[in-house]
Number of protein chains: 2
Amino acid sequence: MFSKACEYGIKAAIFIAKNSYEGKRVNPKEISEEINSPQAFTAKILQSLVRHNVINSVKGAYGGFEIEKDSIPYIKLSQIVNAIDGDSIYKGCGLGLETCNEEHPCPVHDKFKEIRNNLRDMLETTTLEELALNLKNGNAFLKVI
Amino acid sequence: MFSKACEYGIKAAIFIAKNSYEGKRVNPKEISEEINSPQAFTAKILQSLVRHNVINSVKGAYGGFEIEKDSIPYIKLSQIVNAIDGDSIYKGCGLGLETCNEEHPCPVHDKFKEIRNNLRDMLETTTLEELALNLKNGNAFLKVI
DNA sequence: TATAAATAGGACAATTTTATCTTAATTAAA
DNA sequence: TTTAATTAAGATAAAATTGTCCTATTTATA
Ligand code: FES
Ligand code: FES
């Protein structure tokens with residue numbers, strides 16, 4: 001469904017949000033240990049999330065990644081997915097036609113469109129806040145061990 | 001959502017079904033032209049669909065790929081997706097945890113499960129027959145040109 | 001039985017995605 | 001102002017996916 005990069009990006013954002021609620025900045029090492037991902041690759045994805053204004057980075061000593069507390073409830077899962085995987089999951093044809101077009105639909109268009117719209121609605125209404133709270137409350141986990 | 005191989009496989013199966021209704025076998029050249037896909041790669045995917053009993057192949061002169069007419073209404077989109085992409089789309093965790101587990105859910109589990117179930121229902125209730133009819137009736141297309 | 005037409009299959013190549021490594025730039029604090 | 005800690009960025013490598021090519025095998029028909 002999502003790329004590995006996107007999976008890591010989502011998990012990282014949730015972990016950063018949780019720590020930001022506690023006033024703590026985190027670095028790629030902590031993050032990759034906590035979400036069970038390759039560190040350097042994760043760092044690249046974090047850079048991308050910074051460029052897309054999903055998270056903030058603070059360079060230098062005592063720096064790290066954080067998210068402004070007040071903005072966490074307004075960050076949608078869709079922003080993260082869009083930043084990393086682009087919008088093909090929202091707009092693309094299920095069978096890979098160059099464009100999904102009502103006037104020139106592929107054979108699965110009607111069926112696929114519904115699924116895709118469900119997915120889009122979910123991503124656009126799910127906030128980083130609720131995901132981070134799932135984690136904080138111990139109701140959800142970012143890795144298996 | 002689906003791999004390229006899976007997109008090609010679905011389109012190929014739809015085209016083969018349409019032709020089988022007309023009593024015609026088709027070969028990888030015709031198929032790849034009709035669905036706008038690389039011929040040799042498409043041939044590999046067809047082999048896979050044969051091994052998974054989704055389509056039949058007839059070797060030798062006057063051979064080609066076909067689907068028994070009577071079975072077309074019973075072939076589900078899910079069989080094709082499963083044959084090529086496996087079952088991760090039905091069962092896998094949205095954030096890539098080794099297994100999706102109610103007892104040890106990831107933060108998006110509840111939200112993702114619903115989408116995944118919608119998708120599974122769609123794939124399991126959509127038949128090759130209806131997709132091939134969309135094509136035959138001119139209500140849907142397998143390529144843009 | 002020989003031939004031509006077709007799928008099957010293996011080896012290889014190109015591209016994309018995932019992952020690593022090294023160095024540069026930045027910054028707080030000693 | 002120096003140092004240590006930290007993110008940014010570029011080059012490279014590994015792995016997976018996508019795509020190509022060549023040969024073997026099968027089979028209907030002349
Ligand atoms: S044209 Fe394929 S999903 Fe719309
Ligand atoms: S554990 Fe992630 S979707 Fe179920």
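Values below: all heavy atoms of this structure, side chains included; hydrogens, waters and symmetry mates excluded. Letters A, B, ... are given to chains in the order of the sequence lines, protein chains preceding strands, and every chain is numbered from 1.
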**Asked** Over how many whole Å does the gap from B:I55 atom CD1 to C:dA8 atom P extend?
**Response** 8 Å

**Prompt:** Is a side-chain N or O of A:D85 found less than 3.5 angstrom from the main chain of A:F2, in a donor-acceptor match?
**Reply:** no

**Message:** From CG of A:L49 over to C1' of D:dT7, roughly how many Å is that when rounded to an integer?
**Reply:** 14 Å

**Message:** Salt bridge or not between A:E66 and A:R25? Use side-chain N to carboxylate O under 4.0 Å.
**Reply:** yes

**Asked** How would you list all residue pairs meeting ring-ring contact (aromatic ring centres under 6.0 Å, His included) that involve residues 111-130 of chain A, not counting sequence neighbours?
**Response** none

**Prompt:** A:Y8 side chain: which of C:dT7, C:dA19, C:dT18 is closest?
**Reply:** C:dA19

**Request:** Would you kindly confirm whether A:Y21 and A:L77 end up in one hydrophobic cluster when ILVMFWY residues are joined by side chain heavy atoms under 4.5 Å apart?
**Result:** yes

**Atom-to-atom span, NZ of B:K44 to P of D:dA16 - whole angstrom** = 19 Å

**Prompt:** Just how far, in rounded Å, is P of C:dA25 from NZ of A:K59?
**Reply:** 10 Å

**Prompt:** Roughly how many Å is it from CD1 in A:I84 to P in C:dT16, rounded to a whole number?
**Reply:** 20 Å

**Item:** Nucleotide C:dT17, atom C1' - distance to CZ of A:F2 in whole Å
**Value:** 17 Å

**Prompt:** Taking atom P of D:dT7 as reference, at what distance in whole Å does atom CG of A:N56 sit?
**Reply:** 13 Å

**Message:** I'd like to know whether B:F65 forms a side-chain contact (heavy atoms from CB on, under 4.5 Å) with B:N19, so could you lay out the CA-CA distance, the side-chain angles of the two residues, the decisive distance to 0.1 Å, and finally the verdict.
**Reply:** CA-CA 9 Å; B:F65 294 91; B:N19 278 276; over 6 Å; no

**Prompt:** OP1 or OP2 of C:dA4 sitting under 4.0 Å from any side-chain N/O of B:Y62?
**Reply:** no

**Asked** Would you call B:K29 and B:E33 a salt bridge, taking side-chain N to carboxylate O under 4.0 Å as the test?
**Response** yes

**Request:** Within residues 14-43 of chain A, find the residues that approach DNA chain D with a heavy atom at under 4.0 Å, and present them sorted by residue number.
**Result:** A:V26, A:N27, A:P28

**Prompt:** In whole Å, what is the span from the CD1 atom of B:I45 to the P atom of C:dA8?
**Reply:** 14 Å

**Prompt:** Which pairs with one or both residues in residues 117-145 of chain A pass ring-ring contact (aromatic ring centres under 6.0 Å, His included), sequence neighbours excluded?
**Reply:** A:F141-B:H104

**Asked** Should A:S57 be listed as having a side-chain N or O under 4.0 Å from OP1 or OP2 of D:dT6?
**Response** no

